[in-house]
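None of these values were measured; they are calculated from a predicted model. Quick note on labels: first sequence line is chain A, next is B, and so on, each numbered from 1.
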Amino acid sequence: MKKRLVAAVLACVMGLGMVACGDKDSGKKGGSSGSDELVDGKFKETKHITVEVYDRGVDGQSDPADNMYTDYIKKGMLDDYNVEVEFVTVPRWTETEEINNLLASGGAPDICMTYSYPTIQTYANMGGVLDMKPLLDENQDKLKNLNDWLGDTNLYWNLSDENGTLWAIEGKRANNRRINTFIRKDWLDKLNLEEPKTREEFHDCLVAFRDNADELLGKDAKKMVPFSLSYDVGWRAALLIESQMDPDITDKELYVNGFDDRKLTQKGTKEAVKILNEWYNDGLVWKDFALYAAGDTTEDDMLKAGYVGAFMHNWDYPFRNGEDSIQANLKRMVGDDAKFVAVDCFENSKGETLKYVDSTAGDRKIFFPSTNDEPLASLLYLDWISDPEHIKYLQIGDEGVTHKVLDDGAIEVIAAPQGSKEIMNSGNNIDYTITCNGLSLGDEDLTLLSLAHSYPGSDPADVEQAIDYAARNPKEDKNEKITEVAAENGMGEALRVKSEVAFDTAVVAKPSEFDKVWDNAIKDYLSSGGQAIIDERTQKFEAKYGSSTSVD
Amino acid sequence: MKDVTSVSVATKTAERTNWKAYFKRYWQLYLLLLLPMVYLVIFKYIPMKYVLIAFKKYSIVQKLGEMPWADNHGFQYFIQAFHNKDFLNALKNTVGLNLLDLVIGFPIPIIFALILNELNVKWFKKIVQTIAYMPHFLSWVIIYGLALQLFAPSTGFINMLISNLGGNSVPFLNDPNKWVGTYIFLGVWQSFGWNSIIYLAAIAGISPELYEAASVDGAGRFRKIWHITLPGIKSTIIVLLIMALGNILGSAFDRPFALQNHLVMQNAEVLSTFVYRNGIKGLQFSLTTAVGLFQSVVGVIFLLGANWLSRKLGERGIW
């Protein structure tokens, strides 16, 4: 009897499970039917959209999908357009993989963003992305803020020459500074050294750090790292690499070799890596740099603990994250005078310290996957988020809570307590202002004045120096747009790894084997698809600009 | 003639009634079996139709039936894979690392089980066993974290020890060949305790009378291991060996992925990480499905081959 009962119960459970499974399919229909028109600029029926937001996994952050700023956006969108907004978090450091998975499973948010255009292109080729051109054309009149903020350049940057499709619009960089070299000012002072102005002087500083480890670090002398790198050498030594390139490099050459944004195949890169190789073999470079993956905090921890003499990174890197910034940690853990300052010391063959700065486009690409049932509501979201007032509020928050106004009108950001709803998970909340990367307060002078004050925990004078150096002798990346290079499809990831392997293995090679290691790695890169891309890029460039090597 | 027919009809009816009666009696058990069967069908068999992706041009928006067939009678992606030097390298590494794992990693749990079995102090045996099992429960990401603490060239404990003793630090993790050693060592370390459980169980099943009889005959410890314990667990060893051989082209993802770094890629890229990089990250789903299918087919061939061989040699095999 008992057995029968158990069996009957199990059978029922199974039956229910099947019914439930069946239901799921039939239930999710008819979402987009009904009124799409706006009445007084508002939807009649409440619409629901999902929006991607990065999760940076920073200590003490708030829930990226639920905090004071998301509340602000949600309320604004509901009041202004009757649109409910839901945020979907995607880990920042694996965003491409994550968005791939979401797209492949049909579960991507209605509004997606990624730094990887090839990802969008690949899905667009499979029919997985909405064409934004007709959407923008139809709704031109409703998108004033978006048009004003991005302008035609960024909106139509990815417009195909061939068939007029537009798979993504480009967010705008409000600040196109890219990279800086940082050095420990207090160590220079201790050793009576000046801030280096040339590569030679920089090298001398590194040698001095290495040789005086006992004085600088005492019992931790063995932990001394004069210059730190990460597995991503092409980025973390970019100023050195760029200084070895031809100062008069043509637009064509930049474009043709531009698939690898670490400039692997540009002329001069080999010389730069050779210099790094010498430094490495002289004990000036962190030995373990290649062992830690993206997003690992070991190097940051070393910077914070004060074991590192110099490094290159994003132009504002040591100032980021308020009280948890490298600068603030150094002060706490090492001493009041311990700090990094920016230096400008990698001169090219003309003696200039040239900086390749970003173009205003070429930042995060925003696109709608084909599973987006609410393209209009999504466009209105982009418009709303591009309103200068909204950008300003999201970037500085409430006066007295997350910022104060100084006497000269500059806005100084105050760090909110860790874990509170007011804390900004990304600098100036750039993860929410998806069409705007970098501080933008509506007024250029005010923005610049405030930029130096937007890093709580750091001395504004140090930030000013970094602002200044990162934009000195700028060369803007034209970021030539020829929308589709077929050879690039699906190659991004495999070639990225090849490129990184080339840099990493060459840096650690024995000096006598450097040439062999580098040349073999380049050969491998080129024969794995790199050459095909270069060839197609050359051909497309020539098709568009003829024999000219300039895009102007 | 007539007789024969009627007899065979009679047996058939008897069989049918037997079967019916049997089913009537045990239908609850079959009902219970239904649930795991449904699970298998839904999650293991129905998804199998997607191996067709290997022969088609994949698209996320099209249904499987709508996707166009790949070129070369559908074999385009297999041809592409075998022309891809990264794939061939990954294949070579997979086989190499798995063989090393087999040669070194397979006997160690057996030896460990034999040693444990010889221990007479119960509490000591228990402690050793527990400690040996523990690494099995660590994820590979954590093990890599531990490996960095121990083996990193400048901050690793072992290397600090070596350099304090006046030696040069050893690139356990960043030299491609030394890395292979580290990879195998960590694999063995992680799994030998756990894998020995099944052998210990098999040893426990050997009749103690055999040992007693052997003692009476004057056999020593090693004689007993050689003539009683090992033959006693031979069939277990063979079953596990067959399963290990079936996995010769298979590769777990997390172990190589967690342990690899850019400096050792030439030896560390295996099929699973190749598929991840080119399929999930590089969006070449058809190519990587083809690679996965190839892996499975070779795995099945090895499994059947090993099974056939073991039966040939008079053992039971898995079927």
Side-chain angles (χ1 to χ4, degrees), chain A residues 3-4 6-8 10-11 13-14 17-18 21 94 96-97 100-101 103-106 118-119 122-123 125-128 222-223 225 231-233 286-293 296 298 302 369-371 489-498 500-505 507-508 524 527-528, chain B residues 26-32 34-35 38-39 42 57-62 67 84-86 89 141 144-145 147-148 151-156 159-160 163-164 169 171-176 257-266 269 273-274 276-287:
Chain A
K3 234 198 264 177
R4 235 173 239 196
V6 171
L10 279 174
V13 167
M14 249 173 54
M18 300 244 179
C21 283
T94 47
T96 315
E97 292 97 306
N100 267 336
N101 289 342
L103 284 164
S105 64
T119 302
T122 308
Y123 280 99
N125 289 348
M126 295 194 273
K222 282 212 154 149
K223 294 182 175 158
V225 172
Y231 72 95
D232 190 1
V233 173
W286 184 32
K287 287 267 182 259
D288 304 355
F289 74 92
L291 298 182
Y292 295 91
D296 190 283
T298 305
M302 286 170 25
S370 56
T371 45
N489 284 341
M491 295 312 295
E493 183 57 26
L495 287 182
R496 186 181 63 77
V497 173
K498 295 248 174 226
E500 287 166 5
V501 168
F503 277 115
D504 290 5
T505 49
V507 169
V508 305
D524 184 34
S527 65
S528 300
Chain B
Y26 292 114
W27 67 273
Q28 291 105 328
L29 289 180
Y30 282 96
L31 197 65
L32 278 176
L34 199 61
L35 195 63
V38 167
Y39 165 82
I42 292 179
K57 288 184 183 144
Y58 179 72
S59 156
I60 46 163
V61 282
Q62 282 172 322
M67 296 176 200
N84 184 326
K85 59 182 183 332
D86 292 336
N89 187 42
V141 176
Y144 185 60
L148 278 173
F151 300 129
S154 63
T155 50
N159 273 321
M160 274 165 44
S163 67
N164 281 344
S169 78
F172 292 109
L173 293 167
N174 40 350
D175 175 84
F257 185 74
L259 295 184
Q260 66 185 202
N261 63 65
H262 284 344
L263 299 180
V264 298
M265 233 32 170
Q266 59 181 97
E269 182 83 323
T273 54
F274 172 86
Y276 169 69
R277 215 177 299 291
N278 290 278
I280 295 178
K281 290 178 104 179
L283 310 168
Q284 303 185 59
F285 296 112
S286 294
L287 175 72

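Annotation for B:Y58 and A:A104: closest pair OH-O, 4.5 Å, computed over non-hydrogen atoms.
Looking at A:V508, only its side chain comes within 4.5 Å of chain B, counting heavy atoms on both sides. Residue B:F274 does not touch chain A at all, counting heavy-atom pairs closer than 4.5 Å. With a threshold of 4.5 angstrom between heavy atoms, B:L148 approaches chain A through side-chain atoms but not through N, CA, C or O. Neither the backbone nor the side chain of A:T94 comes within contact range of chain B; no heavy atoms are under 4.5 Å apart. Residue B:N84 does not touch chain A at all, counting heavy-atom pairs closer than 4.5 Å.
Scanning for side-chain hydrogen bond (donor to acceptor under 3.5 Å, both in side chains) contacts around A:T96 gives an empty result, with sequence neighbours left out. Shown here are the side-chain hydrogen bond (donor to acceptor under 3.5 Å, both in side chains) partners of A:N489, two or more places apart in sequence or in another chain: A:E484.
Proximity of a side-chain donor or acceptor of A:D288 to a complementary backbone N or O of B:A152 within less than 3.5 Å is not detected.
Ranked by heavy-atom pairs under 4.5 Å with chain A, the first of B:S169, B:G156, B:S163, B:P153 is B:P153. Across B:L287, B:N174, B:D86, the residue that shares the most heavy-atom pairs under 4.5 angstrom with chain A is B:D86. Of all the listed residues (B:K85, B:M160, B:K57, B:Q62), the one sharing the greatest number of non-hydrogen pairs under 4.5 Å with chain A is B:K85.
Contact check for B:Q266 versus A:D524: no side-chain heavy atoms found under the 4.5 Å cut-off. Between A:V497 and B:R277 there is a side-chain heavy-atom pair separated by less than 4.5 Å. Side-chain contact check for A:L291 versus B:H262: every heavy-atom pair is 4.5 Å or farther apart.
Here the OH atom belonging to A:Y123 is positioned 10.0 Å from the OG atom belonging to B:S59, to the nearest 0.5 angstrom. One finds the CZ atom of A:F289 at 9.5 Å from the CG atom of B:N261 (value rounded to the nearest 0.5 Å).
Side-chain contact annotation: A:K287 with B:N159, donor-acceptor N/O pair under 3.5 Å absent. Neither side chain, B:T155 nor A:K223, offers a donor N or O lying under 3.5 Å from an acceptor on the other.
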Before giving the answer on side chain to side chain contact (heavy atoms under 4.5 Å, CB included), spell out for B:N278 and A:E493 the whole-Å C-alpha distance, their side-chain angles and the decisive distance to 0.1 Å.
-> CA-CA 7 Å; B:N278 290 278; A:E493 183 57 26; over 6 Å; no
- [ ] Apply the test side chain to side chain contact (heavy atoms under 4.5 Å, CB included) to residues B:Q284 and A:M491: give CA-CA distance (whole Å), side-chain angles for both, the deciding distance (0.1 Å), then the verdict.
- [x] CA-CA 9 Å; B:Q284 303 185 59; A:M491 295 312 295; 4.3 Å; yes
